[in-house]
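Heads up, the thing below is written out as structure tokens.
Not measured: the values here are computed from a predicted model. First the proteins, then the strands, lettered A, B, ... as listed; each starts at 1.
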Amino acid sequence: MEQPTLSMAANIRWTKSGVVWADYVLSGMDYGYRPNVDKRTARTLHTMLVRALPGESMLMGIASSLSAEAVVARMTEGVDLDVHTDWAIECEATLDTIELYRPGQRVFYLSIPLTTTGLAGQAKAATHAAWSSLSDFIGLPRTSVSEDEVRARIRQADLIIADIPAVFEARPATPAQMVWLWQHSMSRGLHVDRDMPGASSTPSPKSGAALAPARLDEGAQSDRDEPTSWWRPKVPTFSRVLKIDQPYDIDDRPASYQVILALSDMPSGGVLFPGSEFFSLADDFGDIDVDFVARLKVTAGADVMRANKRALENLKEQYEQREGALAGGQGALDIAASALTEYSSLLETNRDEVEVAWTALFAVGASTEEQALADAQTVKKSFEHQDYKLVAPLGFQEDLWWAMIPGVPTSKIVREFGHITTSTHFAAYMPFTRNDLGDSSGPLLALNITAARIGAVFNDILGKSLRDQSSSWAVTGELGSGKSVTMKVIAGHVVDCGGQVIGIDQSDLGEYANWARAVTDAVIVDLVEPDYSTDPLRIFPPNIAAEMTQSVMLALLRIQPTSTHGRALAKVLEPSYRANHPYAGLGELTEHLLSADCLIAGAHDLGEEMNVYARLSYAAALFAKDLPALPITAPAIIFRTHRVELPTQLQTEKQHLYDNLPLEKRFGHAVYTLIAKIARGQCFADADQMALFLVDEAHHLLNADDGIDIIEDFVLQGRKSSAAVGLGDQDCAFGTPKLRGLIKTRFVHRHTDEGLAKRAIEWLGLDPENRDLVKELTEQTAPVTGQDGYVEPHRRGEGYMRDGGGNVGRIKTLLPATESRREAALTTPKDNKKLVKA
Amino acid sequence: MNDDNNVEVIKDFTTARNIPQLIGRTPDGKKLPFGPYTVPQAVSGAAVGAVLWLLHPLWLGDSITWNVGFFVACCGGTVFVVGKLRLAGRSPASVAQGVKKAVFASPEAKLKINGKRVNIRAPHLVHAGGYITADPRIEDQLVAAVEPEASSESVPVAHNAVGTPSRPQELPALSPNDPAPRPGRSSVKELLALANAGNSE
């Protein structure tokens, strides 16, 4: 067979048979862990898609390997690498590390032959095709397609695609994408795919040879051994493989050995939906890329009824022919009669129903014949476990390979493997589904391990803000589950891409402080033994500082805003008052309140109360006059609070206990509010700079109403100021149900406690009573093995993600590719590192 | 059980229309002995019978027992064997065609050496193809984007060969306030540029 495509313009291809095809790139529907109600919606939309397709069509699911360059290109999108050199280094290191995982993606294509109406039109199309073939044969330059013809065909294709549900995001394929598909078909299994060209990547007009030549060799006959006897070369290989190479390619590229499998049989008695989505079985192979094509022929109900009537007459005839035969022969007819009755009934009861005659083909490829056959065997066996039968018909590998190429008419061998059903039933096989997570570009956060076929999860915090989505996120998981690693990885992305991180470090080891020091010029503030003053009056402009200081002092001194002391505090903090009575910070303000210069009612008493704290060593961060002010624009600021005394849960809930709190705990309670205020003040200050407020052990902050208000502000308003909050906690309570629901991007790492696991599953939007899910989270997510509580390195970082779009899937958080950053992100104490196996 | 957990049986109705054809009776309604037979059985039995009939000088003997026995054994044996073939629902003709293709497939190079005819299924070249024609809508967009600007300014407009207006382009002069030249591209950028260049083909 020859290359069927003569010309391409826009998304239209003219073929040698005279038929014109229109190609589209589609988006798959989110599926995976979606609830059943969403799965039913997906099926309904697939039904609508199939019914919108006129006559014949091709649905394609192409497993494309995502090259390291393609991954890094997505990581660098929108980032100026000349400015953010750390990110350039990380991206460069990723080029090496990502190769180990070989992530991929599934690209969905739809190809539809366009009808040519009228005798004149058909004659014109046939003449054009014939003339083109003749021109090629005698070496004449080929005539191009007229502009009017291109426009007419585009309009015709637009009419068809208008009926396709918008959720599939059908985008006209470009000639570059058509060339990419041809190139992929020739090199299947060699893992040399480039990233699929974008919609804007359109090559300039070419006078030929856009689709490279290929050499097809059914049975890999050219690989036969050199003849050692006269008869050896004459013995065919009988191999069910198709060898494809590109003889004119200057690169010394290996040949692609491909096996095309046709679905010959389905489970008898039918399959249950949900669970019938057999096309997704193609993603069940981690190391084998499986492409699939479904060639469809949709026939209207009235025509089908006529065919069914003929089948009924045939059935009656067969009953007569088999009269008196053994029961087996009659039984087959009874089954056929029952199926025909049900089929006719389905078509009669729903006038919109159509018949779908379909053939499913699956293709695997490898760089050697043995590997290709072994992969095909693996795929075949996997399908057999689900009662689907795949066959590789001897002698028809090339025909089936062509059947997977758009523009090729349906051949006899394709029809031989045809199946018949209704659009509603065919839709339950779900050809266009995906398990994608995260964003289309941005920092590479994790691998998508929902299916065996690994995908890449990009988490574009800055991009979310630009798209008016909340970029805040939260992580939950038990101790040692990988929660803080995920937090540090995301925070590292923010810093490397030029953003700012303000974090709270509650740990004794100072894991966030150490991490921040390793990744950037960080400022670490130990709130008990401070090197910097965190006094808002010394950090922020007077108007912002006044509001911030008032909130903090009201909380610290436990005074009402409208009381005498509250009014005095408000007065002295007014910018106009401060202009007339200059004071540098809280220390000097206390002195001013105690001095005779201050004539405000209650000022002296207020000064006395403030002085109680000003004399305390652990309150130096607020009141010390000799400390330098916190450099608030530093790329990372970490507040260490490990020595800050905090009230217990009981003490915050019971008023009498709260009223009798010791000073250390009062200060500790207020200091979290202070940090949150500082973080809010700085993160919301510049809308052009991404800023992240990182809070691990978030319950310390979310115990106070002030803390909840501030975090809600981050979640609700942060997108306008490119500000986000990243929360981490072992329980996914996260303050209030409202706040818990507002956070759209959620990560769940291992919970071995069933109660916490169920809460986390519910938070992800999944069914907490699903025992399989609970077991998966408690026992099969970064599982602890052995008595030492040891997690195998290759299982670390496993968890679940629910992205902003509500898609849920399993992930494995990736450590930074740069060694220094990788070490910084790890929390394993040095002494325990010897436990880590090589 | 709530609605969310309901399951539905998804069926394939191929059996409703592809009913295996068996022949159990003659056109006048008489029952065929040992029937019914599949179409391949009937065709192969008839074919063997026809061949035996044509070649009767080779095997026909004087003994009627031998003659009838041999004829019945050959035809009946063929029908029996064909009836035992399991082709997974495929047409025997199609299977035979595939086997024929595989048997007669020959390596091109070795055929030339041996001076044999090149078989149609030998390795063969699919020539390059696919002309790319410009998308006329892009030109429309360009015209739409350029036209308002052209009419709003009074800069003299030259005309190119096809008569569409074109504007002489000048390189802007560098001023001392212009940013410094950008540093060279990193290896990451080189790689990405290379990948992008490849994608545009």
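Using modelled atom types, one side-chain atom of B:Thr14 and one backbone atom of A:Ile420 make a donor-acceptor pair closer than 3.5 Å. A distance-only check finds a donor-acceptor pair linking the side chain of A:Gln318 to the backbone of B:Leu22 [under 3.5 Å].
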What's the verdict on side chain to side chain contact (heavy atoms under 4.5 Å, CB included) for B:Ile10 and A:Leu272, showing C-alpha distance, side-chain angles and the deciding distance? CA-CA 6 Å; B:Ile10 304 302; A:Leu272 295 179; over 6 Å; no
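Among the candidates A:Glu2, A:Gln3, A:His425, the residue making the largest number of heavy-atom pairs closer than 4.5 Å to chain B is A:His425. When the candidates A:Val145, A:Asn314, A:Ile413, A:Thr94 are compared by the number of heavy-atom contacts under 4.5 Å with chain B, A:Asn314 comes out ahead.
Here the CD1-CD1 distance, from A:Ile335 to B:Ile19, works out to 12.0 Å after rounding to the nearest 0.5 Å. Between the CD atom of A:Glu317 and the CZ atom of B:Arg25 there is a distance of 10.5 Å, given to the nearest 0.5 Å.
Classification of A:Arg43 and B:Glu8 as a salt-bridged pair holds, one side-chain N sitting under 4.0 Å from a carboxylate O.
In this structure A:Asp245 satisfies the salt bridge (Lys or Arg N to Asp or Glu O under 4.0 Å) test together with A:Arg215, sequence neighbours excluded. Residues satisfying the salt bridge (Lys or Arg N to Asp or Glu O under 4.0 Å) criterion with A:Glu342, sequence neighbours excluded, are B:Lys11.
Taking all atoms of both residues into account, the shortest heavy-atom contact from B:Ala16 to A:Ala311 is O-CB, 3.9 Å.
Ring centroid separation for the pair B:Phe13 and A:His419 does not come in under the 6.0 Å cut-off.
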